[in-house]
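All remarks here apply to the structure that follows.
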Amino acid sequence: MPGPNATWLDAVVVVDDSGVVRGLRAAAGDTPAGGRPDVSEALGDPGAGVTSTGLDAYVAVEPGTVRAFLYPERGVLVVKYFRG
């Protein structure tokens, strides 16, 4: 009998394309929140980034599976993915 099937991933992505960073920033909307992602210690502490439900939806493959944090000044996107 198959058991529970869950997948999670924490990723720090360097985005070298300024057009992609602008698109991510636009997806965050006009009033994004600030937030600090809780990621694995191995990835380090990225600090507080820009986050919003719009950015989450823009990055997600499936609704409700992603929390995204953008650091536009550094060209960094932190993604927390979970599907359970």
Side-chain angles (χ1 to χ4, degrees):
M1 184 176 284
N5 193 12
T7 304
W8 64 89
L9 169 76
D10 292 345
V12 176
V13 181
V14 176
V15 182
D16 287 335
D17 187 319
S18 62
V20 172
V21 172
R22 282 193 303 274
L24 290 165
R25 181 63 187 91
D30 294 332
T31 56
R36 181 181 299 265
D38 179 23
V39 295
S40 169
E41 282 185 26
L43 297 178
D45 180 3
V50 173
T51 187
S52 72
T53 56
L55 181 61
D56 295 346
Y58 187 77
V59 173
V61 174
E62 300 167 349
T65 58
V66 167
R67 283 295 317 264
F69 299 83
L70 180 64
Y71 303 81
E73 67 285 346
R74 295 187 302 197
V76 171
L77 178 68
V78 174
V79 177
K80 294 187 59 64
Y81 170 85
F82 177 79
R83 185 177 76 186

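Quick note: residue numbers are just sequence positions, from 1. Predicted, not measured: the structure shown is a model, and the values here were computed from it.
Residues passing the side chain to side chain contact (heavy atoms under 4.5 Å, CB included) test with Arg22 are Ser18, sequence neighbours excluded. With sequence neighbours excluded, no residue forms a side-chain hydrogen bond (donor to acceptor under 3.5 Å, both in side chains) with Thr65. With sequence neighbours left out, Val66 forms a side chain to side chain contact (heavy atoms under 4.5 Å, CB included) with Val59, Ala60, Ala68, Val79, Tyr81. Residues forming a side-chain hydrogen bond (donor to acceptor under 3.5 Å, both in side chains) with Arg83 (at least two apart in sequence, or on another chain): Glu62. Partners of Asp45 under the salt bridge (charged side-chain N to carboxylate O under 4.0 Å, His left out) rule, at least two apart in sequence or in another chain, are Arg36.
Connection of Leu43 to Val78 is established within a shared hydrophobic cluster, with ILVMFWY side chains joined at heavy-atom distances below 4.5 Å, either directly or through further cluster members. Clustering ILVMFWY residues whenever any of their side-chain heavy atoms sit less than 4.5 angstrom apart, transitively, puts Leu9 in the very cluster that holds Leu70. Note on Leu55: it clusters hydrophobically with Val20, by side-chain heavy-atom contacts below 4.5 Å among ILVMFWY residues. Grouping the Ile, Leu, Val, Met, Phe, Trp and Tyr side chains by contacts below 4.5 angstrom, directly or via other members, places Leu77 with Val21.
With a 4.5 Å cut-off on side-chain heavy atoms, Val12 and Val39 do not count as touching.
When all heavy atoms are compared, the tightest approach of Pro46 to Arg74 is O-NH2, 2.9 Å.
Hydrophobic cluster of Val14: no remaining members, since no ILVMFWY side chain lies below 4.5 Å from it.
Between atom CZ of residue Phe69 and atom CG of residue Asp38 there is a gap of 9.0 Å, rounded to the nearest 0.5 Å. Taking CG from Asp56 and OG1 from Thr51, the interatomic distance works out to 5.0 Å, rounded to the nearest 0.5 Å.
Counting heavy-atom neighbours within 6.0 Å of Asp17 CG, excluding the residue itself, gives a total above 12.
Within the 3.5 Å criterion, the main-chain N or O of Ala28 finds a donor-acceptor partner in the side chain of Ser52. Side-chain atoms of Tyr58 do not come within 3.5 Å of backbone N or O of Ala26 as any donor-acceptor pair.
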